[in-house]
Number of protein chains: 2
Amino acid sequence: MLIGKLAAETGIHIETIRYYERVGLLASPPRTRGRHRVYDEHHSQRLTFIRRSRELGFSLDDIRTLLDLSDRKQDCAARKVTLRHLDDVRGKIASLKRLEKALENMTEACTPGDQKSCPIFDALSGRG
Amino acid sequence: MLIGKLAAETGIHIETIRYYERVGLLASPPRTRGRHRVYDEHHSQRLTFIRRSRELGFSLDDIRTLLDLSDRKQDCAARKVTLRHLDDVRGKIASLKRLEKALENMTEACTPGDQKSCPIFDALSGRG
DNA sequence: CCTACAATCTGTAGCCACTACAGATGCAAG
DNA sequence: CTTGCATCTGTAGTGGCTACAGATTGTAGG
């Protein structure tokens, strides 16, 4: 199958597929005489693995590791990678929640008709 | 004051200060004969505003807007920008929470000693 | 006044994970 | 043989910095 079909099948843009090949995530497929890439089911499965991993927020580096671990059936190591990523995600949630609180406080303090200084600008100026 | 002192005062790296100038966030300060930048209290306040806004997750584009609104004392408009950003943050939290759940499910399903297929690899392959 | 050394200067390239072109080909149907 | 879409390569752009290299400026000590 050609790259367009692979893209349609996996939901990954053509340019992104070529990008994954360039950075070594997806093996270079054989070519036609006219240098068009020819993929098979194996490539499609790999690409689906990559897409699912990306959807779960793994970095391309992590995915490289996961693909390798999957080939070598090292599921314990994969669990570690996943737990580390989960930690990361939780950290991001926590820091976004702090942002959310701060932003809520700012907007709640800012009531229309208030003639004095604006609490939003005060907060941003470091006075809040 | 020179750029090093401004950096120390505001907690923003020298390169970042120059970057902000380059992208039009911070006005070009006057220079010494030898082209060294000379800042005053006004620059320092602006930079603090920028730093606080960055800490709250505003994009540089948003910050440009907020700085302008602050100059023109348009606090209602600033409130809108802030609410929009708050929405953004909440959206990110929601999607990270979905990730968190999915990752939790994967790692919980993966118990050591399980001899069959690995639920992590299954999930990533699109079978989960 | 001279030297040493720190601070600053400009310009460029790199990071991540793509995305968006331009301009040149390949390939299949009519 | 032409039309027209698909694919090719290569490069540049995104955001928000960061990290250099190599040149210059400023300043304190001798």
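Letters go in sequence order (proteins before strands), and every chain restarts at 1. This structure is a prediction, so every number in the text was calculated from the model and none was measured.
- Across all strands shown, B/R18 has heavy atoms under 4.0 Å from base atoms, whether or not it also approaches the sugar-phosphate.
- Note on residues 94-107 of chain B: pairs passing side chain to side chain donor-acceptor pair (under 3.5 Å), not counting sequence neighbours, are A/R90-B/E100, A/R90-B/E104.
- With sequence neighbours left out, the side-chain hydrogen bond (donor to acceptor under 3.5 Å, both in side chains) criterion links B/R79 to no other residue.
- By the ring pair (Phe, Tyr, Trp, His ring centres under 6.0 Å) test, A/Y20 pairs with no residue at all, sequence neighbours left out.
- For the pair A/L25 CG and C/dC18 C1', the interatomic distance rounds to 12 Å; values are reported in whole Å.
- Checked by atom type and distance alone, the side chain of A/R54 pairs as donor or acceptor with a backbone atom of A/F58 at under 3.5 Å.
- Among pairs with a residue in residues 5-19 of chain A, those fulfilling side chain to side chain donor-acceptor pair (under 3.5 Å) read A/E9-A/S44, at least two apart in sequence or across chains.
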Hey, what are the protein-to-nucleotides 15-19 of chain D N/O distances that come in under 3.5 Å?
unit_1, atom_1, unit_2, atom_2, d
D/dG16, OP2, B/L60, N, 3.4
D/dC17, OP2, B/Y20, OH, 2.8
D/dC17, OP2, B/R54, NE, 2.8
D/dT18, OP2, B/H13, ND1, 3.1
D/dT18, OP2, B/T16, OG1, 3.0

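- B/R37 has no side-chain polar atom (N or O) that falls below the 4.0 Å cut-off from OP1 or OP2 of C/dT8.
- At whole-Å resolution of the value, CD1 in B/I3 and P in C/dA7 are 13 Å apart.
- Listed by chain and number, the residues in a ring pair (Phe, Tyr, Trp, His ring centres under 6.0 Å) with A/H43 are A/Y39 (sequence neighbours excluded).
- In this structure, the CE atom of B/M1 is 17 Å from the P atom of C/dA7, given to the nearest Å.
- A search for salt bridge (Lys or Arg N to Asp or Glu O under 4.0 Å) contacts involving B/D61 returns B/R64, not counting sequence neighbours.
- Within residues 88-101 of chain B, no residue has any heavy atom under 4.0 Å from DNA chain D.
- Annotation: side chain of B/D40 is not in contact with side chain of B/M1 (no heavy-atom distance under 4.5 Å).
- Here A/D68 pairs with A/R72 under the side-chain hydrogen bond (donor to acceptor under 3.5 Å, both in side chains) rule; sequence neighbours left out.
- One end of the helix from C/dC1-D/dG30 to C/dG30-D/dC1 points its axis 30° away from the other end's axis, with each axis taken from 5 pairs and the angle rounded to 10°.
- Between the side chain of A/R52 and the backbone N or O of B/A123 there is at least one donor-acceptor pair closer than 3.5 Å.
- The interatomic distance linking A/K5 (NZ) with D/dT7 (C1') rounds to 16 Å, in whole Å.
- For the pair A/E21 CD and D/dT9 C1', the interatomic distance rounds to 12 Å; values are reported in whole Å.
- One interatomic measurement links the two molecules: CZ of B/R31 to P of C/dA7, which rounds to 19 Å at whole-angstrom precision.
- A/H85 contributes a side-chain N or O that, together with a main-chain N or O of A/L56, makes up a donor-acceptor pair within less than 3.5 Å.
- Listed by chain and number, the residues in a side-chain contact (heavy atoms from CB on, under 4.5 Å) with B/K73 amount to none (sequence neighbours excluded).
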Give each protein N/O atom lying under 3.5 Å from an N/O atom of nucleotides 26-30 of chain C, with the pair distance.
unit_1, atom_1, unit_2, atom_2, d
C/dC27, OP1, A/T32, OG1, 3.1
C/dC27, OP1, A/G34, N, 3.3

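- Salt-bridge check for A/K92 with A/D87: failed, with every basic side-chain N at 4.0 Å or more from each acidic carboxylate O.
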